[in-house]
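Worksheet for the structure shown next.
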Amino acid sequence: MTGILENIYKEQAGLLTARQLTGAGTIAWECPSNIALIKYWGKKSGQLPINPSLSFTLSHATTRLSLEYEVIREGRQPEVTYFFEGKPQKPFGDKFRKYLLQVTPFLPFLKSMKLTINTGNSFPHSAGIASSASSFGAMALALCSLEQEICGTLQDSDDFFRKASFLARIGSGSASRSVRGGAQLWGYTPSFPGSSDEAAVEITREIHPVFRDYRDSILVVNSGAKSVSSSAGHRLMEDHGFSRPRVEQARNHLVRLLSVLRAGDQEEFTAIAEQEALTLHALMLSSNPGLILLKPETLRILELIRQFRGETGIMACFTLDAGPNVHVLYPSACQDRMRGFITGQLARYCEHGLMLHDQVGKGPVKIP
Ligand code: DP6
């Protein structure tokens with residue numbers, strides 16, 4: 001089944017090719033990563049999610065991407081050169097090449113372009129902090145700026161970011177939630193008008209001020225590359241015995257989380273965030289083959305966070321991605337006490353004490 005946005009963008013693509021193309025230039029964006037509270041885990045064809053997800057966009061964990069372009073010929077596909085922090089890097093270069101072919105039906109002018117892509121991350125490359133969301137977010141934003149520059153389209157900011165989210169999703173599902181700041185909802189839910197499986201919608205205006213600058217300290221327990229890619233993990237949901245109840249649970253969590261975010265209810269927020277994180281790993285543990293991505297240090301950190309919350313009443317909680325690293329979420333008002341607790345009691349479980357103190361951010365920035 002083709003989606004509504006997909007049809008619209010394909011139709012508009014016909015008009016884009018009709019324009020005269022000339023010129024060369026450079027476009028650069030800095031795009032943050034995001035942390036999901038309701039997890040996207042499992043997809044349908046077309047990189048569409050089996051359940052809606054909700055995330056906070058981060059501030060400091062970012063990817064900077066520059067896109068040099070030059071119109072060279074009437075071609076059949078873009079000519080792509082890729083550098084990671086100034087050096088050629090084949091695996092990611094191949095990913096971008098494949099990605100650019102996938103999005104060419106929506107951006108047909110790419111066929112006659114020579115593109116040089118350069119990316120770099122604000123966080124150490126090997127820190128095990130997912131970078132596909134920020135990388136594909138930055139790439140999609142740069143492509144929308146390119147369309148704007150050479151075709152004069154996407155002048156309206158809602159149109160611009162909707163298409164950026166749609167294009168980012170094609171690269172990596174979670175990237176659809178990184179092209180704007182605050183809180184993002186990706187996936188259709190009847191409880192939020194305008195929500196869609198094809199692109200994320202911003203819900204920051206809906207959320208209570210306490211959540212708008214929530215803190216996220218990312219504790220790096222293990223910086224090694226993931227033993228299983230998230231794409232392989234998503235695939236394990238296809239014939240997972242718990243897939244149906246999981247989708248049901250995620251939908252219910254989403255409805256509850258939306259009202260919790262509006263009300264500023266941190267206690268309920270904590271309960272949902274932790275249940276989502278533990279469910280994600282329970283699904284991985286119970287898939288075939290079962291994936292064990294948690295480390296002993298991860299479990300110790302989770303226990304200590306719960307213990308600290310019980311003793312102090314501070315509403316700190318944890319969430320996890322598909323890996324061993326822990327995101328500690330807490331209100332900005334408790335920052336000093338939390339940092340003391342993290343340094344004093346949790347840092348020892350991190351690899352070389354590695355951590356990144358981040359927070360909900362305002363979203364990507366175009367670099368002049
Ligand atoms: C556990 O977006 O990395 O972080 O679409 O295959 O690129 P692909 O997967 P990806 O999956 C993210 C999974 C998650 C949960 C989430 O961010 O919602």
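Bear in mind the structure is a predicted one, so any value in this text is a computation, not a measurement. Ligands are counted one by one from 1 in listed order, and the atoms in each one are counted from 1 as well.
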May I ask you to identify the nearest protein heavy atom to [atom], giving residue, atom name and distance to one decimal place in Å?
{"atom": "atom 9 (O) of ligand 1", "value": "His234 NE2, 3.0 Å"}
{"atom": "atom 17 (O) of ligand 1", "value": "Arg177 NH2, 2.8 Å"}
{"atom": "atom 6 (O) of ligand 1", "value": "Lys43 NZ, 2.7 Å"}
{"atom": "atom 7 (O) of ligand 1", "value": "Ser172 OG, 2.7 Å"}
{"atom": "atom 4 (O) of ligand 1", "value": "Asp321 OD1, 3.3 Å"}
{"atom": "atom 14 (C) of ligand 1", "value": "Tyr40 O, 4.0 Å"}

Does the plane of the ring in Tyr99 sit parallel, tilted or perpendicular to the ring in Phe136? Use 30° and 60° as the thresholds.
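Tyr99 and Phe136: perpendicular rings.
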Geometric cation-pi criterion, Lys163 with Phe106: 6.0 Å, 45°:
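No, cation not above the ring by the 6.0 Å, 45° rule.
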So which pairs with a foot in residues 192-226 pass ring pair (Phe, Tyr, Trp, His ring centres under 6.0 Å), sequence neighbours left out?
Phe211-Tyr214, Phe211-Phe269, Tyr214-Phe269
Around atom NZ of Lys98, are there more than 12 heavy atoms of other residues, nucleotides or ligands at under 6.0 Å?
no
Give a yes or no answer on whether the side chain of Ser196 reaches the backbone of Glu198 with a donor-acceptor pair at less than 3.5 Å.
yes
Decide whether an N or O pair under 3.5 Å exists between Ser231 and ligand 1.
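Yes; at least one N/O pair falls below 3.5 Å.
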Using a strict cut-off of 4.0 Å, indicate which atoms of ligand 1 neighbour a heavy atom of [X].
{"X": "Gly173", "result": "2 (O), 5 (O), 7 (O), 8 (P)"}
{"X": "Ser174", "result": "2 (O), 3 (O), 10 (P), 17 (O)"}
{"X": "Ala36", "result": "16 (C), 17 (O), 18 (O)"}

Should the pair Glu202-Arg162 be classified as a salt bridge under the 4.0 Å nitrogen-to-oxygen rule?
no
Phe96 and Tyr82 aromatic centres sub-6.0 Å:
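Yes, ring centres under 6.0 Å apart.
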